[in-house]
Structure formats: C-alpha cells, structure tokens
Amino acid sequence: MTLGSPQVYQKRTGRKNRGMDMTERPAFAGDIGFITLADIFQILGGNNSTGVLYLKSPHTEGPGVIYFSEGKPINAAVGSLYGKEAIYALFGWREGSFEFRLEPVHAGRVVEESSMQIILDALRMLDDGQIPRVGGGEGRPAGGGSPILKGRVVDYMYVIDEEVIPDGETVVREGAHGKWIWVILEGSVKVSRETGLGTLTVARLGQGSFIGTIGSFLFSDIPRSATVIAQGDVRLGLLDSQRLHEEYSRLSPDLRTLLISAARRLQRITDRAVALHSKRGKDETLPQARMVVQKGTRLEEAFFISRGKALLLGEGPGGAVPLLTLDRDDVFGFLPFLDLGHEPLYASVLGSGDLETRQVDIFSLKREYDDIPGTLKHLIEQSCHSVAMTTRLVYQLMEGKEIQE
C-alpha cells in the first residue's frame with residue numbers, strides 16, 4: 001500500500017481520494033501527452049498553488065500523486081516510490097491524464113529542492129536514460145533541450161505599452177544598446193548567443209517571462225548580452241523601468257549587492273557555455289585553493305567576498321566541473337530565497353589563498369526580500385532560474401552532448 005493509494009489517502013484524511021472522484025471539477029486538468037510535467041510544475045509554481053496533482057497512465061496499474069504547498073512540490077508517490085524518486089519516475093510518463101485539486105495537503109515535506117531544480121534534474125536523468133519512459137509519444141524527445149521558462153501572472157500595473165512581434169523577427173540583438181525591458185504576454189522567444197562555432201541557444205522564454213535583467217534598468221547604455229527572436233507571433237508588454245529602478249533603490253545596500261551578484265552569475269555562466277561551445281573554454285584555477293563549501297553539506301551561512309576570489313565547482317559524470325569564478329562583492333553560500341541551483345546542494349566552493357569574507361545576515365535579508373514588490377521579485381526569480389538552466393547547458397556541453405534547438 002503506497003503513500004498515494006486511495007486507501008491510504010482515505011485513512012489519513014478521512015475522505016475518499018478526491019482525485020478519483022470525477023463528479024468534482026478539478027482546478028486544472030489535461031493530457032500529459034499535450035502538456036508536459038515541466039509545464040505543469042511551472043504553472044502551479046507561478047500561481048503559488050497548494051493542493052494535490054493526480055496523474056493516470058493507461059500503462060500503469062495505479063495513479064501517481066504529487067503534493068504541492070505554495071507552488072512547491074513537497075512529496076509524491078507512485079507504486080512503491082515516494083518523494084523525489086516518485087517525482088522523477090513520473091517525468092517518464094509520456095501518455096495519460098492529470099488533474100490538480102485545490103485541497104488540504106496532509107503529506108509531510110520530504111522534498112527540499114525547488115520546482116526548477118527538480119525539472120532540470122529530471123530532464124538530465126531522462127537524457128541519461130536513468131528514468132524509464134512509460135507509454136508512447138515516440139515523436140517526443142525523452143529529455144532534449146531545456147523547457148520553456150515561464151513566469152508568474154503578469155501585473156499590468158507595470159505595463160506602459162504593448163506591441164506584437166511577428167514570427168522570426170528579432171526583439172533584441174546581441175551587442176545592441178538599450179534599457180528597455182519587456183514581459184511576454186503571449187507566445188515564446190528564443191534567446192541565443194553567437195560563438196566561434198555558430199549560434200548557441202541558451203534559453204527559451206514563454207508567457208510571464210522577462211526580456212531583460214536587473215542590469216537593463218540599472219546601468220546606462222548597457223550592451224545587450226544575447227539575441228532574442230520571436231517563435232511564432234509574440235505579444236510583449238513594455239515595463240515601467242523607472243518604477244522598477246525606484247523599487248530597487250529602496251532596498252538595503254546588502255540586498256542590492258546580493259541581487260547584482262546573482263545577475264553577474266547569469267552573465268558568467270552564460271559566458272562559460274559560450275566558451276565551451278566555441279571549444280575555447282579553459283578551466284580556471286585559483287592559487288593556493290582551499291575548500292570553503294563542500295557540495296552537499298548542510299551549510300546555513302552565506303558570505304560576501306571582501307578580497308580574493310572563489311571558484312564554483314559542479315560535479316558531472318566525469319568528475320569536477322568548473323562553473324564560474326566569483327570576485328569582490330559577490331556572494332556565495334546558503335541563500336534560501338534565491339535558488340541558483342549551485343552551492344551548497346549542487347556545487348562546491350574553492351577559495352583563493354587570499355580570500356577574505358564577511359558573513360551575510362541571510363535571515364534579515366530574507367525578511368526584506370519577502371517584501372519586495374511582485375514584478376521586481378519575479379524578475380529576480382527568473383534570473384535565478386536562468387542560472388540553473390544555463391548551468392545544465394554547461395554540463396551538457398562538457399559531456400559533449402548534442403544541444404537541441
């Protein structure tokens with residue numbers, strides 16, 4: 001008898017398994033052959049949904065169940081599996097149906113990773129054949145490429161103008177200058193960088209995502225770091241950059257420094273991907289390097305770099321993977337409100353011999369971060385998700401895998 005079985009559900013809650021009761025209308029339902037589990041995770045996360053996701057497949061005996069709290073997966077069950085292992089197994093389902101119900105969640109939290117990190121881990125495992133495919137969908141790639149990154153519900157109070165970009169048209173060109181930032185109201189775009197060996201797609205963005213970063217409205221005449229092209233007709237909303245700048249300016253100096261450091265990570269991990277694609281990526285080393293943060297440790301501290309450098313080391317099938325280097329005023333360590341998919345859970349930190357740091361008051365900054373206005377916070381969240389997705393791209397390039405457009 002499994003965690004998600006109808007019998008256990010009734011025993012724990014005193015009710016029938018409502019996911020099997022088709023007389024009640026679910027809040028969200030569909031065909032997992034049409035909408036992927038990655039898309040479902042992003043939709044539920046974008047709406048901070050609490051409830052239970054039920055999945056059925058014609059190729060399995062019982063259902064799969066994933067429990068969400070405030071948009072985050074906290075537990076799951078399918079067959080004899082539960083927790084993360086159950087979620088990963090469900091990413092292999094290629095046919096069937098799903099329905100999400102807004103109801104109290106009585107399962108305990110056993111999953112700590114964010115939705116985006118779960119998605120990226122599952123896609124990697126699909127690519128590596130570690131997750132069995134269940135059902136048909138032969139025309140669909142098992143993992144392939146990165147998912148379309150979608151954002152939260154758009155706050156139209158920040159939209160000062162709208163425009164439609166036809167399919168194939170360029171929204172932003174790499175190297176051009178401009179301070180504008182847009183939110184995607186409908187459609188999707190491809191984000192790419194030019195390398196010595198051609199064009200590299202670094203991301204695909206969908207509804208609710210932003211074209212531009214914090215740097216777009218903070219620094220004058222900043223060159224665009226990538227080209228953005230419409231995939232199908234795209235409706236964009238031009239954001240009020242002055243309002244975003246004013247909201248950012250009201251933050252404490254430490255929180256502003258931390259957010260700029262996170263934005264720099266995105267630039268550096270993207271540069272790393274471009275260098276690897278060009279076959280000119282060199283592994284950087286640090287003089288007298290010492291371990292500062294061990295991958296997988298339960299560290300609950302973070303640090304600003306006052307002097308010296310720090311090197312982030314991921315881990316792939318072939319061993320250590322140098323990701324990027326941090327400098328003065330950058331931050332490393334445990335940041336519970338900024339999920340970059342790096343240290344301490346997914347990467348180690350090496351410090352140079354002259355590394356000096358000061359400790360971050362992470363709990364004070366978290367309280368301040370929680371009060372950031374929604375649109376600015378969503379822009380920050382997207383940057384963090386983009387760091388995690390581009391890090392996955394770096395691993396693929398290091399392993400010599402073909403990058404799907």
Side-chain angles (χ1 to χ4, degrees), residues 38 88 91 113-114 116-131 140-149 174-175 188-205 209 213 224-229 231 262-286 295 309-326 332 339-343 345-350 382-405:
Y88 293 148
F91 268 84
E113 290 81 358
S114 69
M116 183 54 63
Q117 198 59 57
I118 288 284
I119 291 170
L120 296 177
D121 286 347
L123 291 179
R124 174 185 55 78
M125 295 168 73
L126 282 166
D127 288 339
D128 294 342
Q130 297 176 355
I131 297 177
R140 301 170 61 195
S146 290
I148 295 179
L149 181 58
E174 182 180 352
S188 63
V189 301
K190 179 173 70 173
V191 182
S192 62
R193 289 276 301 267
E194 291 303 317
T195 79
L197 296 178
T199 301
L200 172 66
T201 297
V202 295
R204 293 185 297 152
L205 307 178
S209 290
T213 64
R224 299 289 186 177
S225 61
T227 296
V228 179
I229 298 176
Q231 294 190 297
R264 279 198 294 263
R265 283 206 192 200
L266 178 56
Q267 180 68 49
R268 290 169 182 170
I269 196 66
T270 305
D271 289 345
R272 174 70 166 147
V274 169
L276 288 169
H277 188 264
S278 301
K279 309 298 183 186
R280 57 181 175 83
K282 295 182 179 179
D283 293 346
E284 186 167 346
T285 58
L286 295 180
K295 173 181 173 291
K309 294 185 177 183
L311 176 65
L312 293 191
L313 279 180
E315 187 175 338
V321 177
L323 298 174
L324 55 90
T325 300
L326 301 174
F332 66 86
D339 184 12
L340 296 158
H342 285 166
E343 78 286 351
L345 191 58
Y346 292 96
S348 299
V349 181
L350 294 181
Q382 178 179 310
S383 292
C384 294
H385 291 163
S386 296
V387 169
M389 293 176 69
T390 309
T391 301
R392 174 176 178 259
L393 177 62
V394 166
Y395 284 124
Q396 290 176 308
L397 290 165
M398 285 288 293
E399 295 166 23
K401 291 182 177 179
E402 181 179 351
I403 306 302
Q404 298 190 22
E405 298 298 316

**OP:** For Gln130 and Arg124, run side chain to side chain contact (heavy atoms under 4.5 Å, CB included): C-alpha distance rounded to whole Å, both residues' side-chain angles, the deciding distance at 0.1 Å, then the answer.
**Re:** CA-CA 9 Å; Gln130 297 176 355; Arg124 174 185 55 78; 4.0 Å; yes
**OP:** Run the numbers on Leu313 and Leu323 for side chain to side chain contact (heavy atoms under 4.5 Å, CB included), then give the verdict.
**Re:** CA-CA 6 Å; Leu313 279 180; Leu323 298 174; over 6 Å; no
Original post:
Given Asp271 and Gln267, is the side chain to side chain contact (heavy atoms under 4.5 Å, CB included) satisfied, shown in steps?
Top reply: CA-CA 6 Å; Asp271 289 345; Gln267 180 68 49; 3.1 Å; yes
Original post:
Going through the distances and angles, do Tyr346 and Leu340 end up as a side chain to side chain contact (heavy atoms under 4.5 Å, CB included)?
Top reply: CA-CA 9 Å; Tyr346 292 96; Leu340 296 158; over 6 Å; no
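Taking 4.5 Å as the limit, some side-chain heavy atom of Glu194 sits within range of a side-chain heavy atom of Thr199. No side-chain heavy atom of Ser188 sits under 4.5 Å from any side-chain heavy atom of Arg204. Arg272 is not listed as a side-chain neighbour of Leu324, based on a closest heavy-atom distance of 4.5 Å or more. Counting heavy atoms from C-beta outward, Ile119 and Pro147 have side chains that approach closer than 4.5 Å. In this structure, Gln382 and Thr213 have side chains that are not in contact, with every pair of non-hydrogen atoms separated by 4.5 Å or more. Residues Leu120 and Met116 meet the side-chain proximity criterion, which asks for heavy atoms closer than 4.5 Å.
Rounded to the nearest 0.5 angstrom, Leu205 CG and Ser386 OG are separated by 6.5 Å. Annotation: the span from Thr390 atom OG1 to Gln396 atom CD amounts to 10.5 Å, rounded to 0.5 Å. Within the model, atoms CG of Leu286 and CG of Leu350 stand 6.5 Å from one another, a figure rounded to the nearest 0.5 Å. The CG atom of Leu266 lies 6.0 Å from the OG atom of Ser383; values are rounded to the nearest 0.5 Å. For the atom pair NE2 of His277 and OG1 of Thr195, the computed distance is 4.5 Å after rounding to the nearest 0.5 Å. In this structure, CD1 on Ile118 lies 11.0 Å from CG on Leu123, to the nearest 0.5 angstrom.
Not a single donor-acceptor pair under 3.5 Å links the side chain of Thr201 to the backbone N or O of Ser192. Of the possible polar contacts, none joining the Tyr88 side chain to the Leu126 backbone as a donor-acceptor pair under 3.5 Å is found.
In this structure, Gly316 and Val321 approach most closely via the heavy-atom pair N-CG2, 3.6 Å. When all heavy atoms are compared, the tightest approach of Phe91 to Ala38 is CE2-N, 3.8 Å. For the pair Ala320 and Pro322, the tightest heavy-atom approach, listed with the atom from each and the gap, is O-CD, 3.8 Å. Closest non-hydrogen pair, Ala388 versus Gln117, comes out as CB-OE1, 4.1 Å. Closest non-hydrogen pair, Gly314 versus Tyr395, comes out as CA-OH, 3.1 Å.
Remark: the Ser348 side chain and the Glu343 side chain contain no N/O donor-acceptor pair separated by less than 3.5 Å. A side-chain donor from one of His342 and Arg265 sits under 3.5 Å from a side-chain acceptor of the other.
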